[in-house]
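Okay, so here's the structure we're looking at.
Small disclaimer: the values here were computed from a predicted structure and weren't measured.
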Amino acid sequence: MTDTRSDLTKITFSVLTIGLLIASSLWILWPFLGATIWAVMVVVATWPALLWFEARLWNRRSLAVLVMVLILLLLFVLPLTMAISTIAANADEVIAWFKLQISKGPPQLPAWVGNLPFVGPKLTMAWDELVASGVSGIEAKVTPYATRVTGWLFSQAGVVGALTLQFLLTVVIAGLMYAQGETAAVEVRRFGRRLGGQRGEDAVVLAGQAIRGVALGVGVTAIVQAVVGGIGLAIAGVPFAALLTAVMFILCIVQLGPTLVLAPATIWVFWSGSTGWGIFLLVWTVIVGTMDNFLRPWLIKRGADLPLLLIFAGVIGGLLGFGLVGIFVGPVLLAVSYTLINAWLDSAEPAAGEIGS
């Protein structure tokens with residue numbers, strides 16, 4: 001009895017000590033946790049690209065790491081900096097453009113709008129009221145929203161600065177991981193094997209495949225939708241098409257889609273009196289807005305052989321639960337859980353001979 005109590009006390013204090021060490025380590029690393037998670041996702045998703053560059057740079061890992069770090073800077077830090085500087089440089093021009101559009105007043109709606117079923121008469125009535133109110137009425141309705149948007153943008157200045165710093169830290173950590181990627185992969189697989197044997201190691205491998213699949217599906221789909229949507233804006237003559245394309249890319253990354261940009265742009269084209277270009281951009285919006293329904297599943301399936309519903313739930317749920325990084329964390333957690341549960345169920349199934357008996 002004494003030995004049993006001694007062992008129980010020893011186990012209890014050992015578990016408490018290990019838990020305290022883990023909690024203290026996480027507390028110390030907490031400022032770097034977000035950047036580290038992002039770096040892991042980026043490195044795992046782009047590891048084949050690193051090996052491709054290494055093979056063509058005389059098998060020099062240092063040169064390949066330098067190229068990948070420069071690419072990450074071009075993809076993450078430089079666009080954000082350029083977007084901030086562009087918005088700051090064109091802020092007065094954008095405000096002047098909006099004032100000019102308001103001063104012109106709304107044009108008359110095309111006749112076919114009133115003939116639309118269900119919504120046509122209501123749209124015509126609302127538009128006629130807007131025209132009757134004149135320029136001063138439009139300014140009175142738009143000014144409160146403009147003030148709120150301006151105040152929100154100023155309040156987000158600190159957030160944008162912190163985001164830039166987070167991106168820089170992510171790039172630095174990713175560079176270190178690129179340099180020692182094989183060693184880190186071996187240790188992670190050893191950890192998975194120590195926890196769950198071969199199934200644990202398989203779960204680690206599947207987690208990497210899920211990251212690549214989601215990165216391929218979400219990232220490439222966002223790029224394609226933003227570029228195609230931007231081409232449509234440029235063809236239709238919408239102002240600030242390049243800036244709106246960048247906004248569409250961000251919205252596609254966070255799974256909100258390009259319609260939030262394309263729909264107002266379509267309304268503006270109709271507003272300006274270009275009915276033909278408005279119809280063109282409306283059709284273009286429908287095509288671009290629905291493109292992800294078949295493009296994203298196909299790309300994700302190429303990266304990881306997992307149920308599409310599982311990946312989709314992981315992307316949306318991860319985004320709501322963990323923020324932007326949850327786009328990758330959510331599918332990985334669900335993929336690992338799905339694999340472990342399947343392995344557990346398979347191990348419990350009796351053999352065919354046992355079922356017959």
> Going through the distances and angles, do M248 and L233 end up as a side-chain contact (heavy atoms from CB on, under 4.5 Å)?
Replying inline: CA-CA 11 Å; M248 277 193 292; L233 293 176; 3.8 Å; yes
> Out of curiosity, does L260 fall in the hydrophobic cluster containing I223 (side-chain heavy atoms, cut-off under 4.5 Å, transitive links)?
Replying inline: yes
> Between CE of M41 and OG1 of T36, what distance do you get to the nearest 0.5 Å?
Replying inline: 11.0 Å
Atom pairs and distances, donor-acceptor, side-chain atoms in residues 42-52, under 3.5 Å, two or more places apart:
residue: T46; atom: OG1; partner: V42; partner atom: O; Å: 2.6
residue: T46; atom: OG1; partner: Y178; partner atom: OH; Å: 2.4

> Got a sec, which pairs hit side-chain hydrogen bond (donor to acceptor under 3.5 Å, both in side chains) with one end in residues 184-193, sequence neighbours left out?
Replying inline: E187-R190, R189-E201, R193-Q198, R193-E201
>> Quick check for you: to the nearest 0.5 Å, what is the distance between I235 atom CD1 and I231 atom CD1?
In response: 6.5 Å
> I287 versus V228: any side-chain heavy-atom pair under 4.5 Å?
Replying inline: no
> Excluding sequence neighbours, so at least two apart, what forms side chain to side chain contact (heavy atoms under 4.5 Å, CB included) with V188?
Replying inline: V204
>> For V171, run the side-chain contact (heavy atoms from CB on, under 4.5 Å) check against L72, L70, I71 and tell me which one passes.
In response: L72
>> Can you tell me which residue among V288, D292, L244 is in a side-chain contact (heavy atoms from CB on, under 4.5 Å) with P258?
In response: V288
> side-chain hydrogen bond (donor to acceptor under 3.5 Å, both in side chains): which pairs involve residues 276-288, sequence neighbours left out?
Replying inline: T266-T285
>> I need the full list of side-chain hydrogen bond (donor to acceptor under 3.5 Å, both in side chains) pairs touching residues 57-72, with sequence neighbours left out, sorted by first then second residue.
In response: E54-R61, R61-E182
> Hey, are the side chains of F249 and V227 touching, using non-hydrogen atoms and a 4.5 Å cut-off?
Replying inline: no
>> Return the CG to CG distance between L26 and L21, rounded to the nearest 0.5 Å.
In response: 11.0 Å
> Got L33 and W30 here, is their nearest side-chain heavy-atom distance under 4.5 Å?
Replying inline: yes
> Considering residues at least two apart in sequence or located in another chain, which fulfil the salt bridge (Lys or Arg N to Asp or Glu O under 4.0 Å) criterion with D202?
Replying inline: none
>> A side-chain contact here means heavy atoms from C-beta on lying under 4.5 Å apart; do L176 and V65 qualify?
In response: no
>> In the structure I gave you, are the side-chain heavy atoms of L169 and I173 within less than 4.5 Å of one another anywhere?
In response: yes
